[in-house]
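Data block below; observations after.
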Amino acid sequence: MTGFASSTAAEQRFNVNLSILFTELPLLERPAAAAAAGFTAVELWWPWIDSPTPPPAELDALKRAIEDAGVRLTGLNFYAGRLPGPDRGALSIPGEESERFRANIDVAADFARSLGCGALNALYGNRVAGVDPAEQDALALENLVLAARAADRIGAVLLIETLNRPESPDYPLVSAAAGVAVVDRVNEATGLGNARFLMDLYHLSMNGEDLPRAISAYAGRTGHVQIADNPGRGAPGTGTLPLDDLLGQLREAGYQGWVGLEYKPGDRPSAEAFGWLPVEARAAAR
């Protein structure tokens, strides 16, 4: 597996997404497993896919697991429906799913605040057959405004993510430009300026985007970056994306935030899926 140069990797701040890596372990064991692999920061999709408002005891147990592992939670998704699964968010879905998203906003924000997490990701949601897209977009803006205000209350940014059309054919944000346009609409509506673009290089590459051009255009409005190689959504070096070069371009463009490792480990334990990254580059300064 092709690795990153030690000097290059040392300039990044990496975190591990515990909703796609270490999933062979129970949720409460994953923070310690990430720490044992040398990482000091983690991120999560909303862990309770069936409940936007889990019992306080479950929230407290996850908080303790993260604290006891000595890692930092740097990113958290709002409730997004069945993910992994067929759903891609809830905030633009009329009816019960939108209500579940709204019920989750303060729960997710308060949990993030309790762990010093500074980024909350709001997945837009799939298009619904028989529903006017304009109606969904209006609902989405209402809910994103509420989410942006909650994020601002805890000193966090609100992230808007672009996915890819082959894997998410009903998701409307399948270009960097589309994601950034929603960011701009939210910031205009709130006046807070805390909505930011989540630039997932895997998703953008699956959409056939010119990645250097996207970085040049949107690095200044990017609040978080996620990576996986393409094809396959595996670890860096398992595909053909020049991720080392792309992250270098992001740094040169002024991006100094976290780089989330959101890739599949393949047919091996997750702890063995980090050979591309020198051990000394895995820990990030708090």
Side-chain angles (χ1 to χ4, degrees), residues 1 4 9 12-25 27 30-31 33-34 37-47 49 66 71-78 80 82-85 87-89 117-124 157 159-164 166-168 171 173-174 176 179 196-207 209 211 214-215 222-244 246-247 250 255 257-266 268-277 281-282 284:
M1 182 184 296
F4 279 25
Q12 306 289 350
R13 293 195 298 161
F14 295 102
N15 64 28
V16 177
N17 189 301
L18 297 181
S19 299
I20 193 169
L21 285 155
F22 295 108
T23 57
E24 67 270 28
L25 299 173
L27 174 64
R30 296 176 202 170
F39 293 96
T40 55
V42 299
E43 63 183 29
L44 281 163
W45 303 341
W46 184 248
I49 62 174
I66 291 169
V71 296
R72 176 181 173 187
L73 182 69
T74 57
L76 177 68
N77 282 19
F78 287 107
R82 292 164 293 172
L83 185 73
D87 298 334
R88 297 292 185 271
C117 174
L120 289 160
N121 183 27
L123 286 173
Y124 200 82
V157 297
L159 298 172
I160 309 295
E161 183 174 6
T162 292
L163 302 182
N164 73 78
E167 294 174 329
S168 304
Y171 191 81
L173 308 184
V174 288
R196 308 284 285 173
F197 179 48
L198 195 166
M199 182 182 291
D200 187 307
L201 296 178
Y202 167 74
H203 288 311
L204 296 185
S205 70
M206 283 285 286
N207 287 324
E209 293 216 28
L211 296 181
I215 289 170
T222 295
H224 186 48
V225 170
Q226 291 174 333
I227 63 171
D229 216 331
N230 188 25
R233 200 173 184 175
T238 60
T240 60
L241 287 184
L243 289 167
D244 202 353
L246 293 169
L247 292 180
L250 271 161
Y255 179 75
W258 293 95
V259 176
L261 307 183
E262 196 186 49
Y263 59 78
K264 298 176 182 179
R268 56 186 168 173
S270 296
E272 298 176 9
F274 304 107
W276 60 276
L277 184 61
R282 298 178 191 178

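We use all heavy atoms of the structure for the numbers below, so side chains are in, but hydrogens, waters and symmetry mates are not.
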I need the [X] [atom1] to [Y] [atom2] distance, nearest 0.5 Å.
{"X": "R30", "Y": "L21", "atom1": "CZ", "atom2": "CG", "result": "10.0 Å"}
{"X": "S19", "Y": "E43", "atom1": "OG", "atom2": "CD", "result": "8.5 Å"}
{"X": "I227", "Y": "L250", "atom1": "CD1", "atom2": "CG", "result": "10.5 Å"}

If every non-hydrogen atom of [X] is compared with every non-hydrogen atom of [Y], which pair is closest and at what distance?
{"X": "D229", "Y": "A235", "value": "CB-O, 3.4 Å"}
{"X": "P47", "Y": "L27", "value": "CB-CD2, 3.7 Å"}
{"X": "L18", "Y": "A34", "value": "CD2-CB, 4.1 Å"}
{"X": "M199", "Y": "A214", "value": "CE-O, 3.8 Å"}
{"X": "S168", "Y": "L163", "value": "OG-CD1, 3.9 Å"}
{"X": "N230", "Y": "S205", "value": "ND2-OG, 3.2 Å"}

Under the side chain to side chain donor-acceptor pair (under 3.5 Å) test, which residues partner [X], sequence neighbours left out?
{"X": "S270", "result": "E24"}
{"X": "N207", "result": "none"}
{"X": "N77", "result": "N121"}
{"X": "R233", "result": "E262"}

Output yes when a side-chain donor or acceptor of [X] lies under 3.5 Å from a complementary backbone atom of [Y], and no otherwise.
{"X": "Y171", "Y": "Y124", "answer": "yes"}
{"X": "Q12", "Y": "V259", "answer": "no"}
{"X": "R282", "Y": "F274", "answer": "yes"}
{"X": "Y255", "Y": "V225", "answer": "yes"}

Would you say that [X] contacts [Y] through its side chain, given a criterion of any heavy-atom pair below 4.5 Å between the two side chains?
{"X": "P236", "Y": "Y263", "value": "yes"}
{"X": "T74", "Y": "V42", "value": "no"}
{"X": "L83", "Y": "L123", "value": "yes"}
{"X": "L198", "Y": "Q226", "value": "yes"}
{"X": "D200", "Y": "E161", "value": "yes"}
{"X": "I20", "Y": "L261", "value": "no"}
{"X": "H224", "Y": "W258", "value": "yes"}
{"X": "T40", "Y": "N15", "value": "no"}

Check your understanding: Who pairs with Y202 by ring pair (Phe, Tyr, Trp, His ring centres under 6.0 Å), at least two apart in sequence or on another chain?
Key ->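 For Y202 there are no ring pair (Phe, Tyr, Trp, His ring centres under 6.0 Å) partners, ignoring immediate neighbours.
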Practice problem: I would like to know whether D244 and W276 meet side-chain contact (heavy atoms from CB on, under 4.5 Å); could you show each step before the answer? | Solution: CA-CA 11 Å; D244 202 353; W276 60 276; over 6 Å; no
### Task
Start with the C-alpha gap between N17 and L44, add the side-chain angles, then the distance that decides, and say whether side-chain contact (heavy atoms from CB on, under 4.5 Å) holds.
CA-CA 6 Å; N17 189 301; L44 281 163; 5.8 Å; no
- Please report the C-alpha distance between I215 and L246 in whole Å, then the side-chain angles of each, then the deciding distance to 0.1 Å, and finally whether the side-chain contact (heavy atoms from CB on, under 4.5 Å) criterion is met. CA-CA 8 Å; I215 289 170; L246 293 169; 3.9 Å; yes
**Prompt:** Looking at residues at least two apart in the chain, or sitting in another chain, which of them share a salt bridge (charged side-chain N to carboxylate O under 4.0 Å, His left out) with D87?
**Reply:**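 Applying salt bridge (charged side-chain N to carboxylate O under 4.0 Å, His left out) to D87 gives R82.
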